[in-house]
There are 2 protein chains.
Amino acid sequence: MKRVTIKDVAKHANVSIATVSRVVNGIGTVTDENKKKVQASIKELNYFSNTLASNLKKNSSNVVGIVIPTFTNEFFMQVIKGIEDHFGHAEYVFYIASSDDKPEKERAILKKLLESNAEAVVLSTIGGNDEFIEELRQLNMYVISVDRRIENERSMDYICENNRESAYLLTKELLKIEASKDIVILGGHQDLSIGIERLEGAEKALAEVGKDFRYYDGSYNEEQAKELFSSIKKDYPAGCGIISLNNTMVTGLIHAIYEELDEVEMLKYPIASYGEIVFQSIFSTNIPIHIRQRPYEIGREVAKLLEKRITGESSVPQTYEIKNSLERK
Amino acid sequence: MKRVTIKDVAKHANVSIATVSRVVNGIGTVTDENKKKVQASIKELNYFSNTLASNLKKNSSNVVGIVIPTFTNEFFMQVIKGIEDHFGHAEYVFYIASSDDKPEKERAILKKLLESNAEAVVLSTIGGNDEFIEELRQLNMYVISVDRRIENERSMDYICENNRESAYLLTKELLKIEASKDIVILGGHQDLSIGIERLEGAEKALAEVGKDFRYYDGSYNEEQAKELFSSIKKDYPAGCGIISLNNTMVTGLIHAIYEELDEVEMLKYPIASYGEIVFQSIFSTNIPIHIRQRPYEIGREVAKLLEKRITGESSVPQTYEIKNSLERK
DNA sequence: CTGAAAGCGCTAACAA
DNA sequence: TTGTTAGCGCTTTCAG
């Protein structure tokens with residue numbers, strides 16, 4: 001069946017296409033009689049407005065892109081939920097895409113988004129595209145960065161958490177409850193704000209008590225963290241406290257620990273986790289302390305800012321920091 | 001900065017817009033000299049084609065919608081990954097949206113997709129929109145259903161798993177290893193193929209040995225399953241084998257079991273799980289058997305079919321069934 | 001091989 | 001209050 005257009009409706013209702021447009025958009029003035037006629041025709045012909053054409057004309061779009069590094073992290077799913085809940089699917093449609101931790105893929109997605117005239121993009125970057133992102137912004141595309149800062153000449157809106165402070169608190173607490181143990185840090189992403197800041201926070205806490213540590217790079221990746229545990233075990237056969245600077249690496253660690261150690265042995269490797277994992281409470285003996293993040297709230301804040309910006313309320317770029325909390329077993 | 005259009009490029013390169021269009025799309029014939037001039041201008045002016053306009057003219061779009069019931073189920077994440085991997089982000093952009101288990105939201109998303117001229121939509125329905133979906137198909141929108149069948153007059157493409165058989169095998173096996181125990185079934189979604197078929201499979205296995213069972217409706221929902229465990233515990237203080245007909249409910253059960261029971265007590269409630277959960281292997285004492293689903297393969301099959309259909313290779317609607325496997329501890 | 005011109009479906013002046 | 005009309009940026013005949 002051919003798609004019904006505004007023309008068809010106009011003809012059927014015996015009015016001009018302008019009138020149809022008016023009742024569809026609820027803009028301007030139409031007599032009650034005409035309005036009814038048009039609405040009846042719309043129903044009868046089963047007409048749907050073609051957003052493509054409408055957007056082309058209006059030079060806008062109701063598209064907001066959400067670009068995240070991976071689908072398989074509950075954290076980002078909650079961020080998305082926070083954003084969507086705020087808008088209640090009223091006006092915007094969200095393109096959600098995963099860069100799969102690949103800069104080239106992130107770039108491809110951003111390009112598509114630009115070509116699709118996305119009104120805004122919410123970006124949790126994997127890095128390596130700062131220059132391209134700057135180009136997009138030059139083209140008047142509104143970009144808000146989440147969780148991971150983008151370093152640019154022009155500053156931009158940014159919603160994040162108190163990475164440094166959280167990592168500091170987490171480390172401080174681990175040092176308190178496991179004072180006698182050796183300490184290792186499992187980090188990664190030294191090219192991203194998130195990686196740098198968290199490591200700095202942890203290092204600061206260790207420096208304050210003059211404690212030495214060993215650093216392992218797990219790339220914020222589950223598999224890599226799992227494999228790395230073999231090294232940790234070999235390097236510290238007597239055990240050590242592990243500070244994992246992100247949640248997916250903790251998932252990897254837990255897998256490794258349960259595969260390789262028995263119930264007694266595993267207690268030699270207590271984990272301080274930045275972020276929560278599934279079944280967090282069940283693994284509380286392995287993870288005596290952790291940082292509780294607030295991804296849903298991050299999503300809400302993103303949405304609030306988004307709304308402001310899209311409706312044109314332009315003002316100085318803003319950084320909003322969500323505060324995490326420290327949870328003990 | 002104003003967006004650069006094809007006009008600007010044409011002017012800058014001293015050719016007509018038609019020529020620019022030709023080199024952009026690699027269609028028709030252009031002299032090498034002109035081609036170079038145009039390409040140089042495109043680069044210099046930083047031109048991006050406006051897909052909106054292009055699609056309007058071509059009456060197409062490179063949009064494929066993926067509508068799933070929830071973001072927080074690893075199963076669907078894997079399906080998405082399978083689809084995306086097949087296309088390698090070459091030609092299409094995927095709108096991924098969650099209906100949040102709400103028919104109205106699903107409907108709203110589908111409407112947006114229609115208005116956006118989506119070329120195809122991959123739908124894992126929550127139900128209640130069969131009529132509306134039929135309308136979309138009348139409007140020439142290609143819909144492929146995944147995991148959950150849509151009952152319509154006109155049959156449609158459908159990728160699924162062998163629900164009945166899997167549930168049957170799972171139940172059979174549980175009866176074998178826990179022959180003496182009472183059995184309960186934790187199911188849900190009796191309005192969806194997935195719910196009906198799995199229950200039928202389980203019931204068949206039970207009927208074959210003349211074993212009675214009790215049915216609990218957990219709506220394929222984690223929280224609900226968690227709460228339901230209290231009832232199960234009360235109804236079967238001596239323990240029982242629990243057949244959970246989907247993975248998220250198992251997550252709920254595990255939470256409940258670990259909160260409410262000690263290590264010995266929990267063994268009285270072995271779970272046969274349809275689908276895998278995070279840390280599946282770690283909970284193998286609680287979940288001695290489970291069905292391993294193949295969501296990634298489902299995604300691949302979806303993509304393959306999608307490709308065929310989009311490129312116009314029309315033929316009879318097709319149902320493709322992926323075979324699951326039974327895993328023992 | 002190239003350019004002029006029509007038109008995709010819609011919106012928004014502007015005139016009536 | 002309504003209809004006419006000029007485009008939005010692009011593709012695609014059709015002449016040249």
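By convention in this document, chain letters (A, B, ...) are assigned in the order of the sequence lines, proteins followed by strands, and residues within each chain are numbered from 1.
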**Q.** Sub-4.5 Å side-chain heavy-atom contact between B/Phe71 and B/Asp100
**A.** no

**Q.** Partner residues of B/Phe76 under the ring pair (Phe, Tyr, Trp, His ring centres under 6.0 Å) criterion, sequence neighbours left out
**A.** none

Q. Among residues 35-44 of chain B, which contact DNA chain D at a heavy-atom distance under 4.0 Å?
A. none

**Q.** Donor + acceptor pair across side chains of B/Ser54, B/Thr51 (<3.5 Å)
**A.** no

Q: Name all residues meeting the side chain to side chain contact (heavy atoms under 4.5 Å, CB included) criterion together with A/Ser193; count only those two or more places apart in sequence or in a different chain, and write none if there are none.
A: A/Arg148, A/Arg149, A/Tyr158, A/Glu197

Q. Between the axis at one end of the helix from C/dC1-D/dG16 to C/dA16-D/dT1 and the axis at the other (five pairs apiece), what's the angle to 10 degrees?
A. 40°

Q. With a 3.5 Å cut-off and no angle check, do the side chains of A/Arg22 and A/Asn34 form a donor-acceptor pair?
A. no

(Q) Does any part of the side chain of A/Glu161, heavy atoms only, come nearer than 4.5 Å to the side chain of A/Glu321, both counted from C-beta? (A) no

Q: Verify the distance criterion only: is there a donor paired with an acceptor across the side chains of B/Asp101 and B/Tyr220 at less than 3.5 Å?
A: no

Q: Determine, for nucleotides 8-16 of chain D in 5'-to-3' order, which nucleotides have protein heavy atoms under 4.0 Å from the base (write B), from only the sugar-phosphate (write S), or from neither (write -).
A: BBBBBB---

Q: Return yes if a side-chain donor-acceptor contact under 3.5 Å exists between B/Asp157 and B/Tyr320, otherwise no.
A: no

(Q) Can you confirm whether the side chains of A/Thr72 and B/Glu74 place a donor and an acceptor under 3.5 Å from each other? (A) no

Q) CD/B/Glu301 to CZ/B/Arg294 distance, rounded to the nearest 0.5 angstrom? A) 9.0 Å

Q: Give the ring-plane orientation class for A/Tyr92 versus A/Phe87, where under 30° counts as parallel, over 60° as perpendicular and anything between as tilted.
A: perpendicular

Q: Report yes if some heavy atom in the side chain of B/Val15 is under 4.5 Å from a heavy atom in the side chain of B/Val38; otherwise report no.
A: yes

Q | Span of DNA chain C in contact with chain B (heavy atoms, under 4.0 Å) | A | C/dC1 to C/dG9

